Amino acid sequence: MDTRGRLQRKVPSQNEDVTAPPRRGSDAFPLPLRLTNFFFLFLFAGTAYYLLIRWGDKNTTSTPLHVVNLSEILSLIGVIASCIYLLGFLGVDFVQSVFLRSSSSDDVWDINEIDDHLDSSIDLTSEEDEEIVKSVIDGSISSYSLETRLGDCKRAAAVRREAVQRITGKSLTGLPLEGFDYNSILGQCCEMPVGYVQIPVGIAGPLLLDGREYSLPMATTEGCLVASTNRGCKAIHLSGGAFSVLIKDAMTRAPVLKFPSVRRASLAMFYLQNPASFKRLSLIFNKSSRFARLQSITCSISGRNLYPRFACGTGDAMGMNMVSKGVQNVLEFVKTEFPDMVVIGISGNCCSDKKASAINWIQGRGKHVVCEALIKGEVVRNVLKTSVEDLVELHVLKNLTGSAMAGSLGGFNAHASNIVSAVFIATGQDPAQNVESSHCITQFEAEGDDLHISVSMPCIEVGTVGGGTQLASQSACLNLLGVKGSSDEEEAGSNARQLARIVAGSVLAGELSLMSAISSGQLVKSHMKYNRSNRDIGPSSQVKR
């Protein structure tokens, strides 16, 4: 079969209406394919039933079977015609769906791989796929159930993608479909996929941290970010490297509990915070996972509502699911002591997850890391193109005074979230946890002719197992850093803790370079050179204001 004949479908342009389905052989029927199938099923059942009745009548009256009238002739023709249709259409389709589904599906996508521009145009050559697309559009099949119904994650993404294009009338040209393992995200990363977004990954470094060199993968679409971090890494390397200390490692979860009175709520608070109760509660908590280790319970009370904040170690996992499971087990036990307790929610926002909060800034969440470096005066002058005095003054007026004037919460830095986000996306972390993970106070101090710089980050929430860390691209970036997967059980959590140190070291490099660019007046010039493009700006749009 000539495969090029199956590639004649027009690729939709950016603004083209794609609601019109491709023409198929079944369009020759006067009725939709579903109604046509129903018609022939009804024809077969009706004519077969009529012939059986006539056969019984002839046996009763001893009439020869070969003597037939016009109605019986028409019924025989109906039976034969419906059998041919049902075997030819439904029978072949059944065999293909059971025995040839994977091979026929792969054949379609192998053909699409001939031309990369067909990534966003789905060639639904299967009549079954076309019917499923129509069923998704009319609501008879739920989009979220396609993976289960089809048993093929890639095929489900293709069908869903086509349905979205027809429903919205907008093309998804430019959003790739090919080249991604959709099985790897099923049930753990993303629901109802229709493709994937490409984010370039740059490498900064090497970062010399605690005597080891690291090449830093950074996923970003912001120009200058990788280059700037790379310059900071160079300055740190030439000055002998950076050094880090992990202060604390504890993920938190704080449910909200309601009691009939303030007295009962306070009694529960005393019980949870009583050292005599902690041993029993920690045993119950730790049974939820071989890596879960309850460290502390601190409570806040508001009227008759109680917010106990559980903090625990989670091994190499970021640990939110692990902590939630352990907290749930503890609450079930506490309810035996306080049967009037009502669990309003497993999370009461006192945790505090994916939100900037004073409790995280003060008590920490995840990994608390402090990182420092002593940058030589000559490196500041020759590599960073500024002076120690100017950097210190800028730091005081910008990172400290300026942030205080803005009422900043955990934002006493130049751009820590830039670095955290880029490393998080590259290594499969939860990007939303950039909110608290970017809590950072940067310090610049003159030490003789040299510059002492440090970053204190109390809420770095990272893991090297689970979630997006298991995807191929993100796993490769973790492997580059030497922290892929789980560490030895004797050193449980060492990979995740090392990743947190690397994040802090990366932020240190980024802070050093950006502050130097601002101090030397190079920030605007470098961004105008590397971070601006007229590629998508036409002559008419350039003159608009």
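Since the structure is predicted, the reported quantities are computational estimates derived from the model, not experimental observations.
Looking only at side-chain heavy atoms (C-beta outward), Asp450 and Val388 stay at 4.5 Å or farther from each other. When side chains are defined from C-beta on, Thr220 does not count as touching Ser421, because their heavy atoms never get closer than 4.5 Å. A 4.5 Å side-chain heavy-atom check between Tyr307 and Leu257 finds every atom pair outside the cut-off. Two residues are said to be in side-chain contact when any heavy atoms from C-beta on lie closer than 4.5 Å; Leu225 and Met218 meet this criterion. At a threshold of 4.5 Å between non-hydrogen side-chain atoms, the residues Arg304 and Ser261 do not count as touching. Contact annotation: the side chain of Phe310 never approaches that of Thr252 to less than 4.5 Å [non-hydrogen atoms, C-beta and beyond]. Between Pro255 and Ser347 the shortest side-chain heavy-atom distance does not fall below 4.5 Å. Val245 has its side chain out of reach of Val369: every pair of non-hydrogen atoms, C-beta onward, lies at least 4.5 Å apart.
Using a 4.0 Å cut-off between charged nitrogen and carboxylate oxygen, Glu147 and Arg160 count as a salt-bridge pair.
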side-chain contact (heavy atoms from CB on, under 4.5 Å) evaluation trace for Phe291 with Thr314: CA-CA 6 Å; Phe291 297 110; Thr314 57; over 6 Å; no
Ser516/Leu391 under side-chain contact (heavy atoms from CB on, under 4.5 Å): CA gap, chis, key distance, verdict: CA-CA 7 Å; Ser516 299; Leu391 278 174; 3.9 Å; yes
Stepwise side-chain hydrogen bond (donor to acceptor under 3.5 Å, both in side chains) test for Asn286 and Ser282: CA-CA 6 Å; Asn286 296 347; Ser282 62; 4.8 Å; no
side-chain hydrogen bond (donor to acceptor under 3.5 Å, both in side chains) evaluation trace for Tyr196 with Glu178: CA-CA 9 Å; Tyr196 59 98; Glu178 293 294 324; over 6 Å; no
Stepwise side-chain contact (heavy atoms from CB on, under 4.5 Å) test for Ile203 and Leu480: CA-CA 10 Å; Ile203 298 295; Leu480 177 66; 3.6 Å; yes
Candidate pair Asp181 and Lys154, rule salt bridge (Lys or Arg N to Asp or Glu O under 4.0 Å), full reasoning: CA-CA 8 Å; Asp181 181 9; Lys154 183 178 179 182; over 6 Å; no
Criterion side-chain contact (heavy atoms from CB on, under 4.5 Å) on Asn399 and Ile441, from CA distance to verdict: CA-CA 8 Å; Asn399 292 340; Ile441 182 168; over 6 Å; no
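Between the Arg309 side chain and the Thr298 main chain, no donor and acceptor come within less than 3.5 Å of each other. With Gln433 contributing its side chain and Gln429 its backbone, the two residues share no donor-acceptor pair below 3.5 Å. For the pair Ser454 (side chain) and Cys371 (backbone), a donor-acceptor distance under 3.5 Å is absent. Side-chain atoms of Ser403 never come within 3.5 Å of backbone atoms of Leu400 as a donor-acceptor pair (strictly under, hydrogens ignored). Thr336 places a side-chain N or O within 3.5 Å of a backbone atom of Phe333 that can act as its donor or acceptor partner. In terms of modelled atom types and a separation under 3.5 Å, the side chain of Thr469 and the main chain of Gly466 share a donor-acceptor contact. A donor-acceptor pair is defined here as one N or O able to donate and one able to accept, closer than 3.5 Å; no such pair exists between the side chain of Asn479 and the backbone of Ser475. No donor-acceptor distance shorter than 3.5 angstrom exists from the side chain of Thr442 to the backbone of Val455, with no hydrogens or angles considered. Looking only at distances, no side-chain donor or acceptor of Ser244 sits under 3.5 Å from a matching main-chain atom of Arg501. Between the side chain of Arg161 and the backbone N or O of Val194, at least one donor-acceptor pair lies under 3.5 Å.
Atoms CG and CE, from Asn413 and Met457 in turn, are 7.5 Å apart once rounded to the nearest 0.5 Å. Interatomic distance, CG of Asn360 versus CD of Glu436, reported as 6.0 Å (0.5 Å rounding). From Arg365, atom CZ reaches atom OG of Ser352 across 7.0 Å, with rounding to the nearest 0.5 Å. Summarising the geometry, atom CD1 belonging to Ile502 is positioned 7.0 Å from atom CZ belonging to Arg212; distances are rounded to the nearest 0.5 Å. With rounding to the nearest 0.5 Å, the separation of CD1 in Ile301 from CG in Leu306 is 5.5 Å. Atom OH of Tyr144 and atom CE of Met192 lie 9.0 Å apart (nearest 0.5 Å).
Proximity of the aromatic rings of Phe338 and Tyr271 is defined here by a centroid distance below 6.0 angstrom, and this criterion is met.
Here the closest non-hydrogen pair linking Leu394 and Ser519 is CD2-N, 3.8 Å. Considering all non-hydrogen atoms of both residues, Ile419 and Val507 come closest at CG2-N, 3.8 Å. Contact record, Val323 with Arg253: CG1-CB, 3.3 Å, taken as the closest heavy-atom pair. Among all heavy-atom pairs drawn from Ser324 and Ile346, the shortest one is O-CD1, 4.1 Å. When all heavy atoms are compared, the tightest approach of Leu374 to Ser239 is O-CB, 3.3 Å. Considering all non-hydrogen atoms of both residues, Phe285 and Val327 come closest at CE1-N, 3.5 Å.
Taking the six-membered ring where the residue is Trp, His439 and Trp361 present perpendicular rings, their angle passing 60° and hence far from 30°. Classified by interplanar angle (parallel below 30°, tilted 30° to 60°, perpendicular above 60°), the ring pair Phe444/His395 is tilted.
No more than 12 heavy-atom neighbours from other residues, nucleotides or ligands sit within 6.0 angstrom of CG on Asp449. Within 6.0 Å of the CD atom in Glu213, the count of heavy atoms belonging to other residues, nucleotides or ligands exceeds 12. In the displayed structure, Asn321 atom CG is contacted under 6.0 Å by at most 12 heavy atoms of other residues, nucleotides or ligands. No more than 12 heavy-atom neighbours from other residues, nucleotides or ligands sit within 6.0 angstrom of NZ on Lys287. For Lys354, the NZ atom sits in a packed shell: over 12 heavy atoms of surrounding residues, nucleotides or ligands are nearer than 6.0 Å.
Tested against Arg497 for a salt bridge (Lys or Arg N to Asp or Glu O under 4.0 Å), the candidates Asp316, Asp210, Asp249 yield a single pass: Asp249. The side chain to side chain donor-acceptor pair (under 3.5 Å) with Ser513 is formed by just one residue from the set Arg231, Lys234, His415; it is Arg231.
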